[in-house]
Amino acid sequence: MLLTAICMSMAAAVAHAQTATLCGAVSHEGDGLSLPGVTLFFPDLNTGTITDDNGQYEISGLPLATVTIQVSYIGHQTIVKDVDLRQTTHLDFVMKESNAMINEVVVTAFTGTSQLRNSPTPVNVVSHRELHAIASTNIIDALAQQPGVSQLTTGGAISKPVIRGLGYNRVAVVSDGIRQEGQQWGDEHGIEVDADRVQTAEILKGPASLMYGSDAMAGVLVLNNIPAIAKGHTEANLSTQYQTNNGLWDYSLNLAGNKRLLWDLRWSERMAHAYKNRYDGYVVGSQFHQRALSGLLGLSRKWGNSTLALNYFHLTPGIVEGERDAVTGDLEVPCEGYDAKTYHKALPFQQIHHYKAVLDNSIFLGDGRLKLILGYQHNRRQEFEEAPDEAELDFLLHTVNYDVRYIFGTGGWKVATGANGMWQQSLNRGEEVLIPEYKLFDIGVFATTSKEVDRWTLSGGLRFDNRHIHSMALEDIFTDFSRNFSGVTGSVGAVYHATDRLNLRLNASRGFRTPNMSELASNGVHEGSIRYELGDQDLKSEFSWQFDLGADYSSAVISAQASLFLNRIDNYIYIKRLAGVETEGYQTYRYTSGNARLWGAEFSVDVHPVEPLHFENSLGFVDARLLNQPLERRYLPCTPPLHWKSELHYDLIRDGRTLTNTFIAVGLDCYARQDHYLMEGDSETETPGYTLLNASVGTQIKHKNRVVANVGIIADNLLDKAYQSHLSRLKYADENPVTGRTGVFNMGRNIIVKLAIPLQF
């Protein structure tokens, strides 16, 4: 309430200012015809409009300031332009047909909006159309197809992001403008985000501690929700999909309007029975059920904008134990009469409830913007093993996020300065315990700046963080202790725009991450990981130095990107198995640390000698190892293998009267053998390489120049290949006594049908 009062008082202080109106027309470059249905969006204002049937637009109530406008239309290059609304009232746009150019993209993963071409660090932007064309069971599963991005999986419902070989609390996930906090320390703790809400995703690779503090050492996933619809419009969207392998059903209904108030309401539900593969048949315990409800209420006025977002996420995933019948080798079922195609929960299972409220305010003050964000998250994570109404593990996490920053320009420099952080309290409510109850508070102050000089874009910044964490004692299991961690981080980088088509990038950054409570004080059986875990209270903070070198080139027939990186981490924390040690009948693992070095690269190229045909390729690899160690403990755990992805994409109809953006595609997904793994105590094992064949087809159906339906069919793993991902935790389940194969295999052939119906009023 205090934050709201501050925002309203600031709004009142500038309410007397005049407002601006911007109007114009949008046309096609080739024939000069007007383009109806083009989206014009102001990222800084969270508002926009669309062109009418004559390609005309007009939007009023804008602030008298310089703002960024983004003009987008499917099948055409996005236009990004800074407009001084104090001097400009009329602006026309001419749109070119799309090629592979990346320069006309706005990213928000930094302290303010900026163009991708000006970023010294590598950033991947995944559009809503790309997300719609990917076979996935959750949002991280969809993003793991990008070069340099992987996922640590536990069946189909739970995926954790891994960027350039680093995961867990080293990757920050940002949704609704704040860091998602759902106890990311656990192997089987996924991301509590409704995939149907995500419009675009930005993947920032490399230390992002400068903007987000601790836990962003590997990078950041920024999940952007459906943007504000055009003023004066009301929309409804219905989307659904079905997957043949696990019987996944998904539907999402969205209603939104933008009159005097901006409002948005969405309900989503997703359910799946056990998935299957050639070796294991149906994988017992891999079923899940997910529900999500979200709402948004906001104002967009001449003084800025303010929104209140409320979200509820509920996931009930089964737990795959991987135990097998000694005679048949089949996966054991939890009870007599168990149905592998059930959509209902069956012991053992998890239950996760996540509640979130975020108040996001942006106020124009002088030549800058004051950004104020306050968020609250309530996460309850339970594990049921013996009875469906009595949780053995029951974690309760309260988080308050805050972020205050001022973004302005002076002397040609863009500057952002402010402070952000969080307060947390974790409680145990179950019969069993794994980590102690604790309280945490951190704060970080930062300043960043950037400037364009001739063909150069220079940027840099500094940040100071302090985190205090206090653990509560519990009988003879946990001791009472406090730790204080602090660190100075920063970055400096430059982009040289050698030509209009070629950009060269160089960046150096300092990362920082504090140990989490699991690493410091674990002492118990982790049923989801099937092991006994021990922490170490003396662990130190991780610090890293990373150097990035990159280049991108775009032309009418080719687009190519290359990124090289070298990352040195002091006090890298990891968990290893204690050979020959068992506690309470479980293999025992302990957290430890050492100095590490990671290096690698990502490459992507899109060649289209003729406009309808695209030959797209991407490759990513990382070499991650501990320094000065013998072979058995030389390589870091959870290091993804080299991944090459290739797709031949052909646009059958580009801009038709009834069908438009109709395409067909076929591709290969190739993973190399991973023989660089943590051998000590048999913590990991080698993983053979494999190749998957995929195909897809999609189209949009139009009526009276409006898209009325999006239809897509995706065939994943067409040849029904039996394989194990190196980052699948199910790879380490029990050995099959009949075949001698260890662990559970990934999903087999899967056909996905997707349908989305947008309605505008």
(request) Measure the CE-CD distance between M679 and E684 for me, rounded to the nearest 0.5 Å. (result) 10.0 Å
(request) Would you confirm whether the ring centroid of Y677 sits within less than 6.0 angstrom of the ring centroid of Y635? (result) no
(message) Donor-acceptor check, side chain of Q184 to backbone of Q180, threshold 3.5 angstrom: yes or no?
(response) yes
(message) Tell me whether N484 at atom CG has more than 12 heavy atoms from other residues, nucleotides or ligands lying less than 6.0 Å away.
(response) yes
(request) Identify, with sequence neighbours excluded, every residue that meets side chain to side chain donor-acceptor pair (under 3.5 Å) alongside Y275. (result) none
(message) I'd like to check Y168 versus N516 (side-chain heavy atoms, cut-off strictly below 4.5 Å). Are they in contact?
(response) no
(request) For residues N138 and S159, report the shortest heavy-atom separation together with the two atoms involved. (result) ND2-OG, 3.2 Å
(request) Return the minimal non-hydrogen interatomic distance between M472 and F478, and the atom names on each side. (result) O-CB, 3.9 Å
(request) Take atom NZ of K439 as the centre, draw a 6.0 Å sphere, and report whether it contains more than 12 heavy atoms from other residues, nucleotides or ligands. (result) no
(message) Given 3.5 Å as the limit, does a donor-acceptor pair link the side chain of R381 with the main chain of G182, or not?
(response) yes
(request) Can you measure from OG1 (T583) to CG (L534) and round to the nearest 0.5 angstrom? (result) 6.0 Å
(request) Quick one: pull up CD in Q146 and NE2 in H643 and give me the separation to the nearest 0.5 Å. (result) 10.0 Å
(message) For I373 versus G177, what's the shortest heavy-atom pair and its separation?
(response) CD1-O, 3.8 Å
(message) I'd like to know whether D280 forms a side chain to side chain donor-acceptor pair (under 3.5 Å) with N277, so could you lay out the CA-CA distance, the side-chain angles of the two residues, the decisive distance to 0.1 Å, and finally the verdict.
(response) CA-CA 6 Å; D280 301 310; N277 60 61; 3.2 Å; yes
(request) Go through the steps for H289 and E269 under the test side chain to side chain contact (heavy atoms under 4.5 Å, CB included), then give the verdict. (result) CA-CA 8 Å; H289 193 170; E269 187 165 11; 2.6 Å; yes
(message) Regarding D465 and R513, does a basic nitrogen lie under 4.0 Å from an acidic carboxylate oxygen?
(response) no
(request) Check the pair D176 / R197 against salt bridge (Lys or Arg N to Asp or Glu O under 4.0 Å), numbers first and verdict last. (result) CA-CA 10 Å; D176 294 301; R197 289 188 68 221; 3.1 Å; yes
(request) Would you mind reporting whether L223 and L143 have side-chain heavy atoms less than 4.5 Å apart? (result) yes
(request) Using modelled atom types only, decide if a donor and an acceptor are shared between the side chain of D442 and the backbone of N466 within a distance under 3.5 Å. (result) no
(message) For the backbone of L578 and the side chain of R590, can you confirm whether one donor and one acceptor N or O come within less than 3.5 Å of each other?
(response) no
(message) When you compare the side chain of Q151 with that of D141, does any pair of heavy atoms fall below 4.5 Å?
(response) yes
(request) Keeping the roles fixed (side chain from S471, backbone from P436), state whether a donor-acceptor pair exists under 3.5 Å. (result) no
(message) With a 4.0 Å cut-off on N to O distance, would you call R429 and E437 a salt bridge?
(response) yes
(request) If the plane angle is over 60° it's perpendicular, under 30° parallel, otherwise tilted; pick one for Y690 and Y671. (result) parallel
(request) May I ask you to decide if S544's main-chain N or O and Y572's side chain share a donor-acceptor pair within less than 3.5 Å? (result) no
(request) Describe, in one word, how the ring planes of Y343 and H273 are oriented to each other, choosing from parallel (under 30°), tilted (30 to 60°) and perpendicular (over 60°). (result) perpendicular
(request) Look at the rings of F441 and Y402 and say which category their plane angle falls in: under 30° parallel, 30 to 60° tilted, over 60° perpendicular. (result) parallel
(message) For A272, is there any backbone N or O sitting under 3.5 Å from a side-chain donor or acceptor partner on N246?
(response) no
(message) Are T121 and S509 packed together at the side-chain level, in the sense that at least one heavy-atom pair is separated by less than 4.5 angstrom?
(response) no
(request) Determine, using ring centers only, whether F395 and W185 are less than 6.0 Å apart. (result) yes
(request) Start with the C-alpha distance between S522 and Y589, add both sets of side-chain angles, then the distance that settles side chain to side chain contact (heavy atoms under 4.5 Å, CB included), and finish with yes or no. (result) CA-CA 10 Å; S522 287; Y589 288 70; over 6 Å; no
(request) May I ask you to decide if T137's main-chain N or O and R270's side chain share a donor-acceptor pair within less than 3.5 Å? (result) yes
(request) Mark yes or no for whether R463, through its side chain, and L210, through its backbone, hold a donor-acceptor pair below 3.5 Å. (result) yes
(message) Side chains of V622 and P640, heavy atoms from C-beta outward: is any pair under 4.5 Å?
(response) yes
(request) Could you grab the distance from atom CG of L166 to atom OG1 of T639, nearest 0.5 Å is fine? (result) 8.5 Å
(message) With no hydrogens and no angle check, just 3.5 Å: does a side-chain donor-acceptor pair link Y532 and N523?
(response) yes
(message) Just so I know, are the side chains of I575 and R531 near enough to count as touching, which here means a heavy-atom distance under 4.5 Å?
(response) yes
(request) Can you measure from CG (D623) to CZ (R597) and round to the nearest 0.5 angstrom? (result) 5.0 Å
(message) Out of the candidates F547, F565, F621, only one should pair with W599 under the ring-ring contact (aromatic ring centres under 6.0 Å, His included) rule; please name it.
(response) F621
(request) Indicate the atoms forming the closest heavy-atom contact of F384 with L347, along with that distance. (result) O-CD2, 3.7 Å
(message) Keeping N420 on the side-chain end and M211 on the backbone end, is there a donor-acceptor pair under 3.5 Å?
(response) yes
(request) Specify the closest pair of heavy atoms between P641 and H726, including all atoms of both residues, with the distance to one decimal. (result) CD-CB, 4.2 Å
(message) Could you tell me if the side chain of M422 sits less than 4.5 Å from the side chain of L440, heavy atoms only?
(response) yes
(request) In sequence, state the C-alpha distance, the side-chain angles, and the governing distance for Y732 and T685, and then conclude on side chain to side chain contact (heavy atoms under 4.5 Å, CB included). (result) CA-CA 9 Å; Y732 299 98; T685 58; 3.5 Å; yes
(message) I need the full list of salt bridge (Lys or Arg N to Asp or Glu O under 4.0 Å) pairs touching residues 475-487, with sequence neighbours left out, sorted by first then second residue.
(response) none
(request) Can you measure from CD (Q424) to CD1 (I469) and round to the nearest 0.5 angstrom? (result) 8.0 Å
(request) Report the residue from R568, R164, K205 that forms a side-chain contact (heavy atoms from CB on, under 4.5 Å) with Q546. (result) R164
(request) Would you name the heavy atoms of G524 and L434 that are closest together and state the gap between them? (result) O-CD1, 3.4 Å
(request) Please tell me if the side chains of Y376 and I178 come closer than 4.5 Å, counting only heavy atoms from C-beta onward. (result) no
(request) State which residue, out of K731, Q674, Q724, R673, fulfils the side chain to side chain donor-acceptor pair (under 3.5 Å) condition with T687. (result) K731
(message) As a quick check of understanding, evaluate side chain to side chain contact (heavy atoms under 4.5 Å, CB included) for L626 and Y574, giving each step before the final call.
(response) CA-CA 10 Å; L626 291 169; Y574 66 100; 3.4 Å; yes
(message) Looking only at the side chains, is there a donor atom on one of D394 and Q382 sitting less than 3.5 Å from an acceptor on the other?
(response) yes
(request) Determine the sole option in H189, E192, K356, E181 for which the side-chain contact (heavy atoms from CB on, under 4.5 Å) test with N379 is passed. (result) E192
